[in-house]
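To start, the structure under review is shown below, and the notes come after it.
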Amino acid sequence: MGPEVIAEARKAVDALGLSIAWTELPWGSAHYREHGAMMPEDGIEILRAFDAVLMGAIGDPSVPDHVSLWGVILEIRQKLDLWANLRPCRLLEGIPTPLAGRAPADVDMLFVRENTEGEYAGVGGIAHRGLASEVGIETGVFTRAGIERIVRYAFELASSRRGVLTSATKSNASRFGYVLWDEIYEEESRRFPGVRYERVLVDALAARLVRSPQSLDVVVGSNLFADILTDLAAAIQGGMGMAASANVAPDVARGLGVFEPVHGSAPDIAGQGNANPAGAIWSAALMLDHLGEQEAGRALLRGLEDVCREGPRTRDVGGTASTREVGDAVVERVAIATAEHRPPR
Ligand code: IPM
Ligand code: MN
């Protein structure tokens, strides 16, 4: 359903009247079936020519998951060193949450996910294939440089929000990687005396997300922990269809960013025209911020918020509308707002 939701996000961006030149890169499982690779060999070089990438979900039952994912998104995050994955989690008005008694005011978090190392480093192997002693080894990689930059960025973001930062850790069971993570977190905290910070074991943090989401502002986590927590967060904000993300390298001025909904390719409902485009549209708003078009990004997000509040909505969030109907409604809102702000000739 990647192409379906991205089509709506593109339409909504185009309604803002900016001068954006789009290039379509038809990479993914169809490309794999035709060429034996998810993207061209020089795919990473091709991407460097762009300011931003808006990406739909990739993956299909015809290609093993570890092949399709290491073939595009994980490769892109690592090779372009897009070390921060930002995942805002807000419950928008009009969207049902599975948490009883919770309202939009209770759910406004920003997850800051380390995006290049940890359990996703790709270090390991399978040995003694086919023998009783067959073994799979997956090595978590935690570097000082990698931890420092993500933790520091999370402190910066917390200073610009409500000033509360939570670090997801597991340094009780894991004695090395997360112990180093905690030490560096503590060191970095000294640069940000205005931020209230805490570290919480990731299992307890999962429970707290459900029990008291209002107590969380910015949450920083390793690649795997924040991956898991952000599916839980997505469920709290109405489901996978709502969640947006930005893969960025905040230390590179005007660097390339990759913006994608958090959801997967959902082959079970792909092609039926009823996928929720909200996560993709929200991701496009994050992309506009990144491109320096903050006002347009705000207008797009406002259009999405209006549509969530007043409808139409897709089935996953309690409505009956199609992907396109939701996209059209956002386009309509955005076009009205844009016309109002355009100076008269
Ligand atoms: C995500 C996804 C990816 C991840 C998968 C598709 C490899 O779940 O962006 O959260 O685990 O990072
Ligand atoms: Mn995930």
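Atoms within each ligand, like the ligands themselves, are counted from 1 in listed order.
- Electrostatic pairing of D227 and R113 counts as a salt bridge here, judged by a charged N lying under 4.0 Å from a carboxylate O.
- Counting non-hydrogen atoms of other residues, nucleotides and ligands closer than 6.0 Å to CZ of R161 gives a total above 12.
- From the protein, the heavy atom lying nearest to atom 11 (O) of ligand 1 is Y120 OH, 2.6 Å.
- More than 12 heavy atoms of other residues, nucleotides or ligands sit less than 6.0 Å from atom CD of E156.
- Where the criterion is an N or O separation shorter than 3.5 Å, residue side chain and backbone included, R113 meets it with respect to ligand 1.
- Contacts with ligand 1 closer than 4.0 Å are made by no heavy atom of H66, backbone or side chain.
- For E134, the CD atom is densely surrounded, since the number of other residues' heavy atoms within 6.0 Å is greater than 12.
- Heavy-atom neighbours of R102 CZ from other residues, nucleotides or ligands within 6.0 Å: above the threshold of 12.
- Atom 3 (C) of ligand 1 has R77 NH1, 4.2 Å as its closest protein atom, hydrogens excluded (heavy atom only).
- Of all protein N/O/S atoms, those lying under 2.8 Å from the Mn ion (ligand 2) come to 1.
- Just one residue in the list E198, R196, R199 forms a side-chain hydrogen bond (donor to acceptor under 3.5 Å, both in side chains) with T166, and that residue is E198.
- Classification of D306 and R309 as a salt-bridged pair holds, one side-chain N sitting under 4.0 Å from a carboxylate O.
- Each of F192, F155, Y178 was evaluated against Y185; a single residue qualifies, F155, per the ring-ring contact (aromatic ring centres under 6.0 Å, His included) test.
- With hydrogens left out, the protein atom closest to atom 10 (O) of ligand 1 is D227 OD1, 2.9 Å, a heavy atom.
- With a heavy-atom cut-off of 4.0 Å, R87 touches ligand 1 through its side chain alone.
- Shortest contact from atom 5 (C) of ligand 1 to any protein heavy atom: L69 CD1, 4.1 Å.
- With respect to R298 and E295, no salt bridge is recorded, no charged nitrogen being found less than 4.0 Å from a carboxylate O.
- The residue H263 has no part lying near ligand 1, judged by heavy-atom distances below 4.0 Å.
- A salt bridge links R48 to E45: at least one charged side-chain nitrogen sits closer than 4.0 Å to a carboxylate oxygen.
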